[in-house]
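Input: a single structure, listed below in structure tokens.
In the text below, chain A, chain B and the rest are named by the order of the sequence lines, each starting its count at 1.
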Amino acid sequence: MLDRAALSRDAVELAPELLGALLTHSTSEGDVTVRLTEVEAYRGTGEDPGSHAHRGMTPRTAVMFGEPGHLYAYFTYGMHTCVNIVCSPAGPASALLLRAGEIVDGVELARSRRPSAVSDRDLARGPARLASALGIPLAENGADLFSEPFALLASDAAPDVASGPRVGVSGAGGGAAYPWRFWIPGDPTVSVYRRHARSHD
DNA sequence: GCTGCGATTGACT
DNA sequence: GTCAATCGCAGCT
């Protein structure tokens, strides 16, 4: 199991190591475990205009500035929840957005939470889908990943890692300037995401 | 206090 | 491929 010290590092350094890690969320309905296949790194302050914490700490982003190993869950587009793991020592507000994963345990439960998923690989392919499949509500923003109902297990074998531009980050934070998206090449649960639906060339 | 927009998804043409 | 849904936050008046 990863410990908190292992997460107390810069998001960009840590991201490749979290690929392949297993994240479990337990509820009264049962457990769901995902193997992380795609993440994005965000640095909260200064240099990273794509980060929610770019303009400094707000009530919303306070969790990102706190202790590593906590969950930063946020609500967006009026209907979706996305989940981050806070990393780095307190201060820089680095975080890793969990973009996609493969359900390795609790597939039936995950499928019941995501009735619109056509195939199993769609269950956690996408940040909001992953949060939904794991059953993580917005209310668990700030929760500690190193205590119930969460568990985080490092990958036993380091997978191949690819990196590239982040997805869905508009404006100066997007594009090749910040190639902080990391994924496991060839994994079917990692999609080539379309550009942001509202963006425009 | 008011307005615009977002680290997206799912439905429809 | 294109587009609406939907609401909290951040920034401005």
Side-chain angles (χ1 to χ4, degrees), chain A residues 10-12 14-16 18-19 23 34 36-66 70-88 92-101 103 110-142 162-183 188-201:
Chain A
D10 181 83
V12 178
L14 182 62
L18 273 189
L19 290 176
L23 175 63
V34 296
L36 301 177
T37 59
E38 185 181 1
V39 300
E40 276 179 17
Y42 287 86
R43 285 175 177 158
T45 52
E47 65 181 303
D48 183 2
S51 171
H52 285 174
H54 175 230
R55 292 181 181 83
M57 185 166 64
T58 66
R60 171 79 160 195
T61 59
V63 172
M64 290 180 73
F65 289 81
H70 286 248
L71 209 63
Y72 168 48
Y74 68 91
F75 189 68
T76 190
Y77 288 93
M79 59 186 89
H80 298 302
T81 303
C82 300
V83 175
N84 298 246
I85 294 176
V86 176
C87 58
S88 81
S94 292
L96 288 169
L97 169 67
L98 308 183
R99 284 202 64 85
I103 306 290
R111 189 181 293 143
S112 73
R113 286 170 173 153
R114 306 218 63 254
S116 62
V118 178
S119 62
D120 285 356
R121 74 168 208 173
D122 287 328
L123 288 173
R125 186 170 65 151
R129 293 167 168 182
L130 186 146
S132 179
L134 279 174
I136 297 176
L138 190 58
E140 292 197 273
N141 182 37
S163 66
R166 290 181 298 188
V167 175
V169 181
S170 60
Y178 300 88
W180 294 345
R181 174 183 173 230
F182 300 86
W183 67 94
T189 61
V190 177
S191 72
V192 181
Y193 256 59
R194 56 190 163 189
R195 70 196 316 164
H196 192 278
R198 297 289 179 87
S199 69
H200 179 70
D201 260 272

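- Annotation for A:Arg114 and A:Arg129: closest pair CD-O, 3.5 Å, computed over non-hydrogen atoms.
- Residues of residues 112-122 of chain A that place a heavy atom closer than 4.0 Å to DNA chain B, in numerical order, are A:Arg114, A:Ser116.
- Distances were taken from every side-chain heavy atom of A:Arg60 (C-beta onward) to each of C:dA10, B:dT9, B:dA7; the shortest belongs to C:dA10.
- The CD1-C1' distance, from A:Ile136 to B:dA7, rounds to 16 Å in whole Å.
- When ring centroids are compared, A:Tyr74 and A:His52 come within the 6.0 Å threshold.
- The side chain to side chain contact (heavy atoms under 4.5 Å, CB included) check on A:Ala62 picks up A:Met57, with sequence neighbours excluded.
- Listed by chain and residue number, A:Asp122 satisfy the side chain to side chain donor-acceptor pair (under 3.5 Å) test with A:Ser119 (two or more places apart in sequence, or in another chain).
- Rounding to the nearest 0.5 Å places CD1 of A:Ile85 at 6.0 Å from CG of A:Leu36.
- Looking at residues two or more places apart in sequence or on another chain, you find a side chain to side chain contact (heavy atoms under 4.5 Å, CB included) between A:Thr58 and A:Arg60, A:Thr61.
- Atom P of nucleotide B:dA7 and atom CZ of A:Arg129 are separated by 18 Å, given to the nearest angstrom.
- Separation of atoms OH (A:Tyr42) and CZ (A:Arg166) is listed at 5.0 Å; rounding is to 0.5 Å.
- The CZ-P distance, from A:Arg181 to B:dT8, rounds to 11 Å in whole Å.
- In this entry the distance linking CE of A:Met57 with P of C:dA10 reads 12 Å, nearest Å.
- When the side-chain nitrogen and oxygen atoms of A:Arg99 are compared with OP1 and OP2 of B:dT8, one or more of them lie within a distance under 4.0 Å.
- C:dA5 has no stacking from A:Tyr77 on its base ring, since the centres under 5.5 angstrom apart and planes within 30 degrees of parallel are not both found.
- Taking 4.0 angstrom as the limit, A:His80 places none of its side-chain polar atoms (N or O) nearer than this to OP1 or OP2 of B:dT9.
- Each of A:Met79 and A:Leu138 was assigned the nucleotide of DNA chain C with the nearest heavy atom; the assignment lying further toward the 5' end belongs to A:Met79.
- Both key distances under 3.5 Å define a Watson-Crick or G-U pair, and stretches of 3 or more such consecutive pairs in DNA chain C run B:1-6 with C:7-12, B:8-12 with C:1-5.
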| What's the verdict on side chain to side chain contact (heavy atoms under 4.5 Å, CB included) for A:Trp183 and A:Arg99, showing C-alpha distance, side-chain angles and the deciding distance? | CA-CA 9 Å; A:Trp183 67 94; A:Arg99 284 202 64 85; over 6 Å; no
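- Rounding to whole angstrom units, CZ of residue A:Phe75 and P of C:dA5 are separated by 15 Å.
- With sequence neighbours excluded, the residues forming a side chain to side chain contact (heavy atoms under 4.5 Å, CB included) with A:Ala110 are A:Val32, A:Ile103, A:Leu123, A:Ala133, listed by chain and number.
- Close to C:dA10, at under 4.0 Å from its OP1 or OP2, lies a side-chain N or O of A:Thr58.
- Put simply, CD on A:Glu38 is 11 Å from P on B:dT8, counting in whole angstrom units.
- The nearest whole Å value for the distance from the CG atom in A:Leu130 to the P atom in B:dA7 is 18 Å.
- Straight-line distance from the NE2 atom of A:His52 to the P atom of C:dA10: 9 Å, rounded to whole Å.
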